[in-house]
Amino acid sequence: MKGQPCAPGPRYQALIELLRTAETLWNSSRVFFARWDLSPSQFNVLNLLYEQPEGCTQISLSRQLIMHRSNITGLVDRLEARGLVRRKEIPGDRRAFNVVLTPEGKKLVMAIQPHYFRAAEVVWNGITEERAEQIVTDLQSISDNATKIATESNEPK
């Protein structure tokens, strides 16, 4: 009916709580990583590179971190200035670089990871491993649904 306010669906509150939780996790991460003078995004770059010793391009980093390339450039610049990563030329492509961890970067990630993994377990305290696996599956479905909405929103009408 025209003029009637639209009521939220039965799962709307779950969406609000998911967004609130994501914001809380991000803010807690900022506090957590501050002791190493890192942002959560900087740690995510370092942690990804730790898992890829051969390094990867900034485009690959942006895709893996779901972040715009221009943001990755700034992150890599700041990490490079601290001596934690370096850009390494890719033979045969003068425009592209692999970003790799320096020994100092690797040492820092190895120092942070035990604290990080412990904190991750505390965040999930009270949630069984089986329930956590189900939550991962559910969150992947929610992400896929959100991507579908975004894709459909960009289609011509």
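Below, all heavy atoms of this structure are taken into account, side chains as well, without hydrogens, waters or symmetry copies.
- The CD atom of Gln52 lies 7.0 Å from the CG atom of Leu61; values are rounded to the nearest 0.5 Å.
- Heavy-atom contacts from other residues, nucleotides or ligands closer than 6.0 Å to CD of Gln134 number more than 12.
- Taking 4.5 Å as the limit, every side-chain heavy atom of Met67 sits out of range of all side-chain heavy atoms of Asn44.
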(request) In sequence, state the C-alpha distance, the side-chain angles, and the governing distance for Leu38 and Arg82, and then conclude on side chain to side chain contact (heavy atoms under 4.5 Å, CB included). (result) CA-CA 11 Å; Leu38 292 172; Arg82 287 185 59 186; 3.3 Å; yes
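- Salt bridge annotation for Glu17-Arg20: present, with a cationic side-chain nitrogen under 4.0 angstrom from a carboxylate oxygen.
- The local environment of CD in Glu51 is crowded, with over 12 non-hydrogen atoms from other residues, nucleotides or ligands closer than 6.0 Å.
- Put simply, the side chain of Ile16 reaches to within 4.5 Å of the side chain of Gln13, judged on heavy atoms.
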Distance-only donor-acceptor pairs under 3.5 Å for side chains of residues 106-120, two or more places apart:
unit_1	atom_1	unit_2	atom_2	d
Gln113	NE2	Asn47	OD1	2.9
His115	ND1	Arg118	NH2	3.3

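- Separating the CG atom in Leu18 from the CD1 atom in Ile135 is a distance of 10.5 Å, to the nearest 0.5 Å.
- Annotation for Arg35: atom CZ counts as buried by contact number, over 12 foreign heavy atoms lying within 6.0 Å.
- Atom CG of Leu19 has more than 12 heavy atoms from other residues, nucleotides or ligands within 6.0 Å.
- If you chain together hydrophobic residues whose side chains sit under 4.5 Å apart, Trp26 and Phe43 never meet in one group.
- Between Val100 and Arg86, the closest side-chain pair of non-hydrogen atoms falls below 4.5 Å.
- Put simply, CD on Gln58 and OG1 on Thr73 are 4.5 Å apart, with the number rounded to the nearest 0.5 Å.
- Among the candidates Leu79, Val85, Val45, Leu84, the single residue satisfying the side chain to side chain contact (heavy atoms under 4.5 Å, CB included) test with Leu101 is Val85.
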(message) Assess the residue pair Asp144 and Lys148 against the criterion (side chain to side chain contact (heavy atoms under 4.5 Å, CB included)); give the C-alpha distance rounded to whole Å, side-chain angles, the decisive distance to 0.1 Å, and a yes or no.
(response) CA-CA 6 Å; Asp144 292 345; Lys148 183 178 175 187; over 6 Å; no
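- In this structure, the side chains of Phe33 and Ser29 come closer than 4.5 Å at one or more pairs of heavy atoms.
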(message) Could you go through Phe97 and Val76, starting from their C-alpha distance and side-chain angles, then the distance that decides it, and tell me whether this counts as side chain to side chain contact (heavy atoms under 4.5 Å, CB included)?
(response) CA-CA 11 Å; Phe97 297 90; Val76 171; over 6 Å; no
(message) side chain to side chain contact (heavy atoms under 4.5 Å, CB included), that's the test. Do Thr57 and Val99 meet it? Break it down for me.
(response) CA-CA 6 Å; Thr57 65; Val99 181; over 6 Å; no
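- Expressed to the nearest 0.5 Å, how far CD1 of Ile72 lies from OG of Ser60 amounts to 9.5 Å.
- When the side chains of ILVMFWY residues are joined at heavy-atom separations under 4.5 Å, either directly or via intervening members, Leu48 and Leu25 end up in two distinct hydrophobic clusters.
- Side-chain contact check for Gln140 versus Val136: some heavy-atom pair is nearer than 4.5 Å.
- For the pair Leu49/Cys56, a side-chain contact is recorded, criterion being any heavy-atom separation below 4.5 Å from C-beta on.
- Counting heavy atoms from C-beta on, the side chains of Arg30 and Pro40 come closer than 4.5 Å.
- Taking each heavy atom of Ser62 and Arg69 in turn, the nearest pair found is OG-CG, 3.5 Å.
- Residues Leu75 and Gln42 share a closest heavy-atom pair of CD2-CG, 3.6 Å.
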